[in-house]
There are 2 protein chains.
Amino acid sequence: MRLHQADPLDMSHQPKLATVHYRQQLRDLGYRCTRPREAVLCTLLETDRPMTASEVFDRIQQDCTRIDLATVYRNLHMLLDLGLVMQLSFAHESQFRYAWSERRGHAQYVGCVQCGEIVSLPVPSLRRLKQFIRNKTGFLVNLQSFELSGLCPDCQ
Amino acid sequence: MRLHQADPLDMSHQPKLATVHYRQQLRDLGYRCTRPREAVLCTLLETDRPMTASEVFDRIQQDCTRIDLATVYRNLHMLLDLGLVMQLSFAHESQFRYAWSERRGHAQYVGCVQCGEIVSLPVPSLRRLKQFIRNKTGFLVNLQSFELSGLCPDCQ
DNA sequence: TTCCTTGCAAATACTTTGCAGACTG
DNA sequence: CAGTCTGCAAAGTATTTGCAAGGAA
């Protein structure tokens, strides 16, 4: 494993370590590996917190990589279609957030309606809840994306 | 209990039974009882399914009551501030829904991402889930509004 | 008569789309 | 070189706001 040493003003011109694995995967699927696309992928991969499109956009700009918001949205949707990211919606937030979906086991989140902090929920299994809902309503719920809102310890 | 018989083309010119109780409540709080305001209140009160602002708007228009979308939003927020309605957000939906909040015991919903059907969840108590989250994250979650998404029986 | 509410119109926020040029493979 | 992808600009959708006229108490 080699360390990636980059010019701080030019960080994302080189593919980041984490993305290397996905470059081939994308190519195999017939997608091209462009700088903006990798920047989006990278950003999501490097960030724990589910991000809004404009947060992704801002982060990429900070790295001095030019990108357009529309491109961020387009790539987010491409990754969504591929199942590589998931789209989350928290109560009281009027925009979507996106998170890398390979982080199984902590794909559930709780967000604070006051300060906006978001933490992942280490729920080992919500199988019982799922089964309960299945029995009562017949719905097959997707607890893969499971967002709750409340107050974080600081804001209570 | 008397049945409310109304001209189908002129339904909401008379206050509906269900709202009579709230008219005084609003006045006591210093709010005026206007026709548009009552129409919003009524609509929410009469509908089981959580509605978007424009669904409320459409429904009111159908009753031949003129109203402006902005007025719907303003009243929805007023009712929200009073705690009379709650704001819900379902995954994959890019707009809020509003539901009368006095319907305790079925304030939890499951929506179908395919056909849009929404059913309420007769969860007797999610106290255990709440406690679990409290222990793990310190967050005090609001399960009062609790929206899940999945596939309804028909769409599976 | 007071002043809260409304309708209308315009503004804002988030997201999507069309198109011509740029870039990947 | 072919076809995908991007930036830019404009459109679309959801929601909010300013303001003068209208209506409730």
Side-chain angles (χ1 to χ4, degrees), chain A residues 12-15 19 22-41 43 50-58 60-61 64-82 85 87-98 116, chain B residues 12-15 19 22-41 43 50-58 60-61 64-82 85 87-98 116:
Chain A
S12 39
H13 292 193
Q14 295 286 100
T19 58
Y22 294 102
R23 310 189 90 197
Q24 194 55 49
Q25 190 170 335
L26 285 186
R27 265 193 230 97
D28 291 348
L29 288 162
Y31 292 100
R32 295 187 174 167
C33 297
T34 62
R35 183 124 61 84
R37 178 161 292 166
E38 288 200 340
V40 170
L41 207 149
T43 304
M51 302 173 90
T52 64
S54 75
E55 282 174 353
V56 171
F57 172 75
D58 289 344
I60 292 173
Q61 298 272 52
C64 288
T65 305
R66 283 192 124 297
I67 196 172
D68 190 85
L69 227 204
T71 304
V72 173
Y73 276 108
R74 277 188 279 235
N75 281 304
L76 249 16
H77 281 128
M78 185 215 68
L79 294 169
L80 204 54
D81 288 343
L82 292 182
V85 311
Q87 191 185 52
L88 311 174
S89 57
F90 288 84
H92 313 299
E93 276 204 347
S94 52
Q95 82 231 76
F96 289 124
R97 289 183 175 274
Y98 302 84
Chain B
S12 39
H13 291 193
Q14 295 284 99
T19 57
Y22 293 103
R23 311 188 88 198
Q24 193 57 48
Q25 191 172 335
L26 286 186
R27 268 194 226 98
D28 292 348
L29 288 161
Y31 293 100
R32 294 185 178 169
C33 297
T34 62
R35 183 125 61 87
R37 179 162 290 164
E38 289 200 340
V40 171
L41 207 149
T43 304
M51 302 173 90
T52 64
S54 75
E55 283 174 352
V56 171
F57 172 75
D58 289 344
I60 293 174
Q61 299 270 52
C64 288
T65 305
R66 284 191 124 297
I67 196 171
D68 192 85
L69 228 203
T71 304
V72 173
Y73 275 109
R74 277 190 278 235
N75 281 304
L76 248 17
H77 280 127
M78 185 215 69
L79 294 169
L80 204 54
D81 289 342
L82 293 182
V85 311
Q87 191 184 52
L88 310 173
S89 59
F90 289 84
H92 311 302
E93 276 203 348
S94 52
Q95 81 230 80
F96 289 123
R97 287 182 177 274
Y98 302 84

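These values consider heavy atoms only, across backbone and side chains, with no hydrogens, waters or symmetry-generated copies. Numbers restart at 1 for each chain; the letters A, B, ... are given by sequence-line order, proteins then strands.
Heavy-atom neighbours of A:Arg66 CZ from other residues, nucleotides or ligands within 6.0 Å: at or below the threshold of 12.
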Output a table of nitrogen or oxygen pairs between the protein and nucleotides 18-21 of chain C separated by less than 3.5 Å.
unit_1, atom_1, unit_2, atom_2, d
C:dG18, O6, A:Arg74, NH1, 3.2

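The distance from the CG atom of A:Leu82 to the OH atom of A:Tyr22 is 11.5 Å, given to the nearest 0.5 Å. Residue B:Thr52 holds its OG1 atom at 12.5 Å from CZ of B:Phe96, rounded to the nearest 0.5 Å.
Toward the 5' end of DNA chain D, the nearer of the two residues A:Arg32 and B:Tyr73, judged by each one's closest nucleotide, is A:Arg32. Heavy-atom nearest nucleotides on DNA chain C were determined for B:Arg37 and for B:Ser94, and the one closer to the 5' end corresponds to B:Arg37. Of the two residues contacting DNA chain D, namely B:Ala53 and A:Asp68, the nearest-nucleotide position lying further toward the 5' end is that of A:Asp68.
The CD atom of A:Glu38 sits 14 Å away from the C1' atom of C:dC23 (whole-angstrom rounding).
Shown here for B:Pro50 and B:Glu55, the closest heavy-atom pair between the two residues is O-OE1, 4.0 Å. Nearest heavy-atom pair across A:Ala91 and B:Ser89 is CA-OG, 3.1 Å. Closest of all the heavy-atom pairs between B:Leu80 and B:Tyr98 is CD2-CE2, 4.4 Å.
Checking C:dG7, C:dC23, C:dT15 against the side-chain heavy atoms of B:Ile67 singles out C:dG7 as nearest.
Chain B approaches DNA chain D within less than 4.0 angstrom (heavy atoms of the protein), and the contacting nucleotides run 5' to 3' from D:dA14 to D:dA25.
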Side-chain atoms of residues 69-77 of chain A: list all donor-acceptor pairs with protein atoms under 3.5 Å, sequence neighbours left out, distances to 0.1 Å.
unit_1, atom_1, unit_2, atom_2, d
A:Asn75, OD1, A:Arg37, NE, 2.7
A:Asn75, OD1, A:Arg37, NH2, 3.3
A:Asn75, ND2, A:Thr71, O, 3.0
A:His77, ND1, A:Tyr73, O, 3.3

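With a 4.5 Å cut-off on side-chain heavy atoms, A:Leu26 and A:Met78 count as touching.
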